[in-house]
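What follows is a single structure, and I will ask about it in a moment.
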Protein chains: 2
Amino acid sequence: MSKIGWAALPELDRRSIVPLYRQIYEQLRSAILSGTLPESARLPPERLMAGSLNVNRSTIVHAYRELAADGLIAQRVGSGSRVAQRGARAERGVAVPWWVTLPPWRVGEFPNILGELAAKHEDGRISFVQGVAPDEPSPLGELAQSFARVARDPRFVLSYGDSEGYAPLREAIAERMAARGASAVQARNVIMLTGSTQGIMIVAQSLAEPGDEIIVESPSYPGALQIFQICGLRAIPVPVDDDGMRVDHVEAVLRTRRPRFIYTMPSLHNPTNATMNPDRRARLTTIARRAGVPIVEDDPYGPLVRDAVPLIASAPDSVVYISTFSKTIAPSLRVGWLVAPRVVVERLLLRKQAHDMATSLYVQAAIVDYLDRGYDAHVEDLHRELFARRALADAAIAEHWPRTVRVAAPRGGFYLWATTPREIRARALLDAAERRGASFLFGEAFYAGNGGDHQFRLALTAVKREEIAEGIARIGEAIASLRT
Amino acid sequence: MSKIGWAALPELDRRSIVPLYRQIYEQLRSAILSGTLPESARLPPERLMAGSLNVNRSTIVHAYRELAADGLIAQRVGSGSRVAQRGARAERGVAVPWWVTLPPWRVGEFPNILGELAAKHEDGRISFVQGVAPDEPSPLGELAQSFARVARDPRFVLSYGDSEGYAPLREAIAERMAARGASAVQARNVIMLTGSTQGIMIVAQSLAEPGDEIIVESPSYPGALQIFQICGLRAIPVPVDDDGMRVDHVEAVLRTRRPRFIYTMPSLHNPTNATMNPDRRARLTTIARRAGVPIVEDDPYGPLVRDAVPLIASAPDSVVYISTFSKTIAPSLRVGWLVAPRVVVERLLLRKQAHDMATSLYVQAAIVDYLDRGYDAHVEDLHRELFARRALADAAIAEHWPRTVRVAAPRGGFYLWATTPREIRARALLDAAERRGASFLFGEAFYAGNGGDHQFRLALTAVKREEIAEGIARIGEAIASLRT
């Protein structure tokens, strides 16, 4: 320890993996326990200590708070921090619950959007919040039979299975991706996931480090934005228009910055429903390949777009592709998948294992069975249903909403993305709508930075078909109430 | 930028969330792109640059490697690093795959134990590797009926459900924990998990930061040790004997260090099968509470021990409890749970959401149904089966293994933990056994530091009952081959 007119200034190793506040805490703790710092000795004020050590004041606050929680120092407003009397220490230790000194919790610093996305329905309310598949057409009749069939082989179906996933399912997925144009995809490039959320988390942890920059669409899927924030990634937003991500903006960013990856949802983008046009797709994969920056292609709705060829088809070495059965079958299955170059798959797999070992083999086996039977017909039905729901919504909007509320073009997706006129903020609209028994997700949730305060998203699939018109009518009343 | 006889020495902000190598990379990159560093300019040698900036040499190596991958500098042995010619840059960018410059990958630095744990069986080999429930008694007959019953309500069963888990299942778990003595546990303290692995990961990420110390048993469950390593936690090992964790050692550690948590498996400990005695349980919770250090109680086998009261029963505020249905029903369900004080539950929940939104509602609903029907009878049968398997194993060991191989006492768990005599290393034994068609997990996998080179674990549940004697005979031959 060196000195600033004080005997026990901690020495910091800035190359260490041990956080600075922890180094300070540990050195002061051992100085107190050894008696180097005697009872009642005064610790330097936080600001002074921070200045002497060239660290943030919050680092010192954190270190002192832990010492106080241990009962090793007493903190009092006005007289600062002093080494506690020995007698007082034991008591203190008991009085302060351990969770008070938990490490700083980045996840607590922003609104809990994922919680809202996963929240359950409330009775009576018409909730357009969750991006779930509609209740009709239901895959469950055939699916239940698939579960029953695979249950005939207990030894197999009850085991852990491979971390990479059930081989026949990975093969079936590779074939289906080839049919969509991605002919280079083989089963060895596929990892099964416990939902695509797991894939986004694994990719965010594996392709980047805290503090790294990434490119995201603006607006974008809030679940992904929240994961990126938890992982400490800095999002560079790029706008989306009717033809998808503004690839010219991506190009401009890549001229001066080197993000770790480009996160995009090119087909039936959430929340705008936009599908990226072929020219932009070709341009995006070209510039990404040239810059050596991978694309993370999030494609939950891709199987619902007939003619959109996934980005991975033209750039298998530059794309980590993520999709899911949550939208085409049901989210409750919690089965998604990831496709990447084999060398990347091998590394991602280690994290997948550490997250949950393997995805349920029972459910994977049932999906393989279902893919051979009802799946394709179900996706056809779902495709029709999505257009039918949007037509119902458009009719209701024409009747109940003023023209000043603009809605994005219908393309067959789950969502309706709307923009309110200047005098109506989306949060205020949500409050008014909730009082009338309808709810939706306000636009700010979809932006990494500022934006969305005059936008909102309806998940047309989240309600019963016959509730669509009524829900839109209630929101229309809410709009009217705010215009007067 | 300041100078060391060189024009463009980067300036580092050591308080920044941006890693140091990245700051160096970004500043050099912009100096090259702006022309401040002209074509062919020589960069300082890595060692010199590291010394001037007071960082590790690997930090500079990492920064230079990224610049080279971008094609911005050329590195040649002997002549060091120079700014690349403009013409050469574009080519270079294409030639180097993006994954070469991925951030350092901590998970790649140690053997892939989780992969082995999750690996599938090979034909012909008698594999005692995986800690799976035995194939007989099978819960699947009744369980399949439970799946069929819950399939009758499609709208409900196909939705996401709450991130916290399905309320009736959380209530059933709270009741069952109360019946085991943990009367303070309520549904609001319970989060459903996608297997207990997810719980260990979430707790490791949430209760500690990279570089923090934790206490672990030695030996311990390899899956947990791997997760702690991925999270950058430093394990302080504490030995386990026939009565469980050596709590006196924990006490000694807590006198001088302040670990973030104590990870223990007090009932049917993996791999030793030991169950902590009541005196030690009482002592452990007392000293943990006094020190303000939480206990992470991993209890996958607890429901199989009649008289062991979980630690959380006597210290609900000091324990984060994790368990699973993987051992009592089947790992393929991927359903576990976590119990903690409500304030901790709320924080852990945010990470659970970011990992996979929610655990499969379909599977959770089926488990609720099964708990009311076949579950308890199945656990009874399983309990008997485990003792019967161990009796078969002991008989075969008496016949085929020399007395110099010691085995831990039978207590009804999944595992048999054995110690080889000095002249036989467990890895060599595994090689010899695999040549004879039997495999197991060698002891080193269970130690955070050194240890286990003369120990190995058999999962008696991983094979068919009638294979136990034959597998042990094969290992006996392998032992004999190493003694000659």
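First the proteins, then the strands, lettered A, B, ... as listed; each starts at 1. Keep in mind the model is a prediction, meaning the values are calculated, not measured.
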Between A/D212 and B/R22, does at least one N-O distance fall below 4.0 Å, as a salt bridge requires?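 So A/D212 pairs with B/R22 through a salt bridge.
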Tell me, for A/Y362 versus chain B, whether the close heavy atoms (under 4.5 Å) come from the side chain, the backbone, both or neither.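 Both backbone and side chain of A/Y362 come within 4.5 Å of chain B.
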State whether the side chain of A/Q198 and the backbone N or O of B/D356 hold a donor-acceptor pair below 3.5 Å, judged by distance alone.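 Side chain of A/Q198 to backbone of B/D356, a donor-acceptor pair under 3.5 Å: no, none is there.
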Taking only Lys NZ, Arg NE, NH1 and NH2, and the carboxylate oxygens of Asp or Glu, determine whether A/E164 and A/R342 approach each other closer than 4.0 Å.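 Salt bridge present between A/E164 and A/R342.
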When only pairs under 4.5 Å are counted, which of B/R258, B/M201, B/E346 shares the most heavy-atom pairs with chain A?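 That would be B/R258.
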Test your reading of the model: is there a side-chain donor-acceptor pair from A/S332 to the backbone of B/L361, 3.5 Å cut-off?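 Here the side-chain-to-backbone pair does not exist.
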Would you indicate whether the side-chain heavy atoms of A/T324 and A/V335 approach each other to under 4.5 Å?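 SC-SC contact between A/V335 and A/T324 ruled out.
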Report which part of B/S196 has an atom under 4.5 Å of a heavy atom belonging to chain A: side chain, backbone, both, or neither.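 Answer is neither: B/S196 stays 4.5 Å or more from chain A.
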Considering only NZ, NE, NH1 and NH2 on the basic side and carboxylate oxygens on the acidic side, decide whether A/R29 and A/E66 come within less than 4.0 Å.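 No salt bridge links A/R29 with A/E66.
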Please classify the contact of A/F261 with chain B as side chain, backbone, both or neither, using a heavy-atom distance under 4.5 Å.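 Neither part.
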Contact part of B/V363 toward chain A, heavy-atom cut-off under 4.5 Å: side chain, backbone, both or neither?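 Contact with chain A: side chain only.
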Residue A/A148 versus chain B: region with a heavy atom under 4.5 Å: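 For A/A148, no heavy atom lies under 4.5 Å from chain B.
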What distance do A/R257 atom CZ and A/E213 atom CD have between them, rounded to the nearest 0.5 Å?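 These two atoms lie 4.5 Å from each other.
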A/T59 portion near chain B, given a 4.5 angstrom heavy-atom threshold: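 Neither the backbone nor the side chain of A/T59 comes within 4.5 Å of chain B.
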When heavy-atom pairs shorter than 4.5 Å are enumerated against chain B, which of A/G195, A/P341, A/A365 gives the highest number?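 Counting heavy-atom pairs under 4.5 Å, the top option is A/P341.
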Pick whichever of B/P331, B/A330, B/S326 has the most heavy-atom pairs under 4.5 Å with chain A.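 Going by pairs under 4.5 Å, I would pick B/P331.
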